[in-house]
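This report refers to the structure that appears directly beneath it.
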Amino acid sequence: MPELPEVETIRRSLLSIIGRRIEAVEVVEPRLRRRVAENFASQLVGRLIEGIERRGKYLLFHLSGVLPEEERANRRPFAGGESLLVHLGMSGALLLQSAGTPRQLHDHVRIRLSGDVQLMYNDPRRFGLLRVGHTAEFVELGNVGPDPLAETFSAADLAALVRGRKKPVKNLLMDQRALGGIGNIYANEILFRAGIRPGRQARRLTRAEIRRLLGATRAVLRSAVRHGGSSISDYRDGSGRRGYFQLRLRVYGRAGEPCLRCRTAIRRTVHAGRSSFYCPKCQR
DNA sequence: CGCACCCCCTGCCGGC
DNA sequence: TGCCGGCAGGGGGTGC
């Protein structure tokens with residue numbers, strides 16, 4: 001479910017919990033993609049949430065240290081600190097609720113916060129991940145490449161990623177080590193907007209196509225964030241709100257339907273085991 | 001390196 | 001109505 005725009009929307013919807021203290025943690029179902037650690041709750045209780053950061057499809061909830069007040073005042077937040085790392089997998093949701101909201105099906109972890117609210121982790125398929133540790137030491141984050149929305153990410157950077165890569169450009173877009181945050185929906189939409197077929201060898205892209213690809217990546221992701229992400233089936237942000245970008249999808253899930261630009265039937269193929277959708281006329 | 005293929009898990013949809 | 005196969009936004013592992 002959640003790609004960069006959805007994760008970013010969730011991050012923004014949870015900013016009100018910054019400054020709150022973690023009062024209690026209840027792990028109902030520890031069997032996620034990785035089993036939730038035995039000491040998960042004890043690592044969290046008593047600490048403050050100092051900030052929420054997104055890296056690719058991961059969320060980091062930066063935690064205050066468990067230090068005496070005067071030492072804490074001298075420490076820069078985020079610098080070498082610890083955090084709660086969350087990945088939502090295919091079906092995960094983080095819901096901000098009033099404290100004591102009754103548990104629903106697939107509510108696996110409840111984090112009760114000061115101010116009578118709670119953060120509920122719900123995940124039907126249980127492909128998500130929750131762990132606490134030193135921010136700099138999460139192995140998962142070592143696989144997350146640069147954020148395509150970062151101002152510092154340039155056409156030259158994209159050209160460097162493309163260089164020498166024989167794999168289809170769609171696989172490159174979805175490779176989290178190359179770029180952080182793009183999944184199957186947005187890879188398809190970006191390539192449609194750029195007019196490039198998903199199966200094109202990355203190294204065969206011309207300079208003009210690379211510029212178009214970067215422009216399309218930014219435009220599609222920004223627009224999706226602006227519309228609160230895509231609610232294909234059950235995605236919700238932290239307040240339970242749906243996104244609306246699914247109404248603006250041009251090719252994803254539209255196999256056999258007419259291209260919105262030229263009416264040619266949209267084709268479906270498979271790259272790296274995931275469905276690709278493209279217009280054979282508009283994309284070359 | 002690239003990729004085909006498997007796994008993890010539940011839900012939903014279409015066909016029969 | 002019910003059962004079954006296929007598919008789904010994720011990542012990770014293996015073997016070629």
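Numbered from 1 within each chain, the chains take letters A, B, ... in sequence-line order.
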Of all the nucleotides listed (C:dG11, B:dG11, C:dG9), which has the minimum atom distance to the side chain of A:Gln176? C:dG11
Between A:His87 and A:Tyr58, is the ring centre distance below 6.0 Å? yes
Once you apply the 3.5 Å cut-off to both distances, tell me the Watson-Crick or G-U wobble partner of C:dG9, or none. none
To the nearest Å, how far apart are A:Tyr235 OH and C:dG10 C1'? 15 Å
Counting only side-chain nitrogens and oxygens, does A:Arg165 get under 4.0 Å of the OP1 or OP2 atom of B:dC1? no
Under 4.0 Å: is that the gap between some side-chain N or O of A:Ser275 and OP1 or OP2 of C:dA8? yes
Nucleotide opposite C:dT1 in a Watson-Crick or G-U pair, distances under 3.5 Å: none
A:Ile182 atom CD1 is separated from C:dG10 atom P, nearest whole Å, by 11 Å
On a whole-Å scale, what distance lies between the P atoms belonging to B:dC5 and C:dG6? 14 Å
Would you mind telling me which of B:dG11, C:dG12, C:dG9 lies closest to the side-chain atoms of A:Ile232? C:dG9
Pairwise P distance for C:dC3 and B:dC9, with rounding to whole Å: 22 Å
Can you measure A:Asn143 atom CG to C:dG13 atom P for me and round it to whole angstrom units? 9 Å
Does A:His106 make a side-chain N or O approach to OP1 or OP2 of B:dT10 shorter than 4.0 Å? no
Respond yes when some side-chain nitrogen or oxygen of A:Lys166 is under 4.0 Å from OP1 or OP2 of B:dG2, and no when none is. no
Residues A:Arg11 and A:Glu53 bridged, charged N to O under 4.0 Å: no
Measure the distance between the ring centre of A:Phe127 and the centre of the six-membered base ring of B:dC8, then answer whether it is under 5.5 Å with planes under 30°. yes
Ignoring backbone atoms, test whether A:Arg126 places a side-chain nitrogen or oxygen under 4.0 Å from the OP1 or OP2 oxygen of B:dC8. no
Taking only the P atom of each, what is the distance from C:dC7 to B:dA4 in whole angstrom? 16 Å
Would you kindly give the CZ-to-P distance between A:Phe277 and C:dA8, to the nearest whole Å? 6 Å
At less than 4.0 Å, is any side-chain N or O atom of A:Arg274 found next to OP1 or OP2 of C:dG10? Yes or no. yes
On the side chain of A:Arg125, is there an atom forming a donor-acceptor pair with the base of B:dC9 - under 3.5 Å, no angle test? yes
Between A:Asn188 (CG) and C:dG10 (P), how many Å, whole number? 10 Å
Any salt bridge between A:Arg21 and A:Glu23, counting N to O under 4.0 Å? yes
Atom CG of A:Leu172 and atom P of B:dG2: how far apart are they, to the nearest Å? 9 Å
To the nearest Å, how far apart are A:Leu105 CG and B:dC9 P? 16 Å
Between B:dG2 atom P and A:Arg204 atom CZ, what is the distance in whole Å? 13 Å
Between A:Leu119 and A:Leu95, is there a side-chain heavy-atom distance shorter than 4.5 Å? no
Between A:Gln201 and A:Lys167, is any pair of side-chain heavy atoms under 4.5 Å apart? no
Is any side-chain nitrogen or oxygen of A:Lys167 closer than 4.0 Å to OP1 or OP2 of B:dC1? no
A:Gln283 (side chain) donor-acceptor with A:Ile196 (main chain) under 3.5 angstrom: yes
Between A:Asn171 and B:dC3, is there a side-chain N or O to OP1/OP2 distance below 4.0 Å? yes
Within the 4.0 Å heavy-atom criterion, would you say A:Pro5 contacts the bases, only the backbone, or no part of the nucleic acid? nothing
C:dG9, OP1 or OP2 - any side-chain N/O from A:Tyr252 closer than 4.0 Å? yes
Option passing salt bridge (charged side-chain N to carboxylate O under 4.0 Å, His left out) with A:Glu140 (candidates A:Arg55, A:Arg131, A:Arg33): A:Arg131
